[in-house]
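Input: a single structure, listed below in structure tokens.
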Protein chains: 2
Amino acid sequence: MKIGELAKRSGLSTHTIRYYERIGLLPVADRDAGGRRDYDPSILIWTEFLGRLKTTGMSIQDMLRYARLREQGTHTGLERRAILETHREMVRRKLNALQVSLLVLDTKIDSYVDTEKRTHHDDNTPDRQFPDAAGTR
Amino acid sequence: MKIGELAKRSGLSTHTIRYYERIGLLPVADRDAGGRRDYDPSILIWTEFLGRLKTTGMSIQDMLRYARLREQGTHTGLERRAILETHREMVRRKLNALQVSLLVLDTKIDSYVDTEKRTHHDDNTPDRQFPDAAGTR
DNA sequence: TCTTGACTTAGAGTACACTCTAACCTGTAT
DNA sequence: ATACAGGTTAGAGTGTACTCTAAGTCAAGA
């Protein structure tokens, strides 16, 4: 698999793939006769997992820590597991915060909807003062 | 309320508060006799809401759009509501993605735990080869 | 043979959101 | 009176994660 195809399949740009290789997030790829990167399809499992870590907000620094351990082999499993467990805790907190904020957002939107209902007779007198039903002014 | 107290109460740094004012996310504050910012406590409602938007991943650009409409008064309610509804959709997607990734993370951690169980007799032969039960190599 | 498209490198540039610095000012406590 | 905590400004600097540029190489098809 050439870098272009990996880009398509992984959702990363070729620029990003080379960047990730440079910093150590992706292994240094094998090359074909012409010096071009030639990937084994199994790399997709790794890029997909990296995507998960990214989606869940792990920094490149931490991904790097994980990636380095992974390259060192199975005996680093305990440490990798610890990283993931710590990270999972972070994700859970983030998820919680997001859920709470989503509810607040719902309430806020509802209050705009209410304001709509109370003012839709007044389309021609938009300057009339109402308390901001949305509660943020 | 001086800027330092607002900082404590809002969780923003004084640097950030001044920065937000400069770009228009916070209103230009009233000043006391000595030219220092003096805030009405009601500003906290706005900073708290800004925090929600930030927590949920809204860009400063979009917060700015919202903030500008808010300063223009109640008649911008429809547009503000639209912004929030679009944003809510984004948050829902993000929440979903996070939940899926959390499950993947759980599975991955479990597989490390399993590997632990299968290898904890082997503490002195850590180089023995196992297929990577975590499935990413 | 020539063009086209995909690839290579080192290194520069960008977007975002702060975060800090320097030099100065003000009000309060000792 | 003087020290000190906390405030002011314009503008420079930082960290993160890309993203792009320039100049060149390579393989395949018309």
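Residue numbers start from 1 in every chain, and the chains themselves are labelled A, B, ... in the order their sequence lines are given, proteins ahead of strands.
Of the possible donor and acceptor atoms, none in the side chain of A:Asp38 sits under 3.5 Å from a partner among the backbone N and O of A:Arg31. For the pair A:Ser13 (side chain) and A:Thr16 (backbone), a donor-acceptor distance under 3.5 Å is present. Looking only at distances, no side-chain donor or acceptor of A:Ser101 sits under 3.5 Å from a matching main-chain atom of A:Leu98.
With sequence neighbours left out, B:Arg22 forms a side chain to side chain contact (heavy atoms under 4.5 Å, CB included) with B:Tyr19. Partners of A:Thr86 under the side chain to side chain contact (heavy atoms under 4.5 Å, CB included) rule, at least two apart in sequence or in another chain, do not exist in this structure. For A:Gln61, the side chain to side chain contact (heavy atoms under 4.5 Å, CB included) criterion is met by A:Ser59, not counting sequence neighbours.
In this structure, the CG atom of A:Leu50 is 15 Å from the C1' atom of D:dC18, given to the nearest Å. Between the C1' atom of D:dC18 and the CD atom of A:Glu21 lies a distance of 16 Å, rounded to the nearest Å. In this entry the distance linking CD1 of A:Ile3 with P of C:dA6 reads 13 Å, nearest Å. In this structure, A:Leu6 places its CG atom 10 Å from P of C:dC7, rounding to the nearest Å. Distance, A:Asp38 CG to C:dC7 C1': 12 Å, rounded to whole Å. The CE-P distance, from B:Met1 to D:dG6, rounds to 16 Å in whole Å. Regarding A:Leu26, its CG atom lies at a distance of 15 Å from the P atom of D:dA17, rounded to whole Å.
Ring orientation note: the planes of B:Tyr66 and B:Trp46 are close to parallel, at an angle under 30° on the 30°/60° scale.
Residue B:Arg37 places at least one side-chain N or O under 4.0 Å from the OP1 or OP2 atom of D:dT8.
Of the residues A:Lys94, A:His87, A:Arg92, A:Arg88, the one that meets the side chain to side chain donor-acceptor pair (under 3.5 Å) test with A:Thr56 is A:His87.
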Identify each donor-acceptor pair in which a side-chain atom of residues 4-11 of chain A lies under 3.5 Å from a protein atom, sequence neighbours left out, and give them as a table.
unit_1, atom_1, unit_2, atom_2, d
A:Glu5, OE2, A:Arg9, NE, 2.8
A:Glu5, OE2, A:Arg9, NH2, 2.7
A:Ser10, OG, A:Leu6, O, 2.7
A:Ser10, OG, A:Leu12, N, 3.1

Polar atoms only, N or O, under 3.5 Å: list the protein pairs with nucleotides 22-28 of chain D and their distances.
unit_1, atom_1, unit_2, atom_2, d
D:dC26, O3', A:Arg36, NH2, 2.9

message = Walk along nucleotides 16-21 of chain C from 5' to 3' and tag each nucleotide B, S or - by protein heavy-atom contact under 4.0 Å, base first, then sugar-phosphate.
response = -BBBBB

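Across all strands shown, A:Arg18 has heavy atoms under 4.0 Å from base atoms, whether or not it also approaches the sugar-phosphate.
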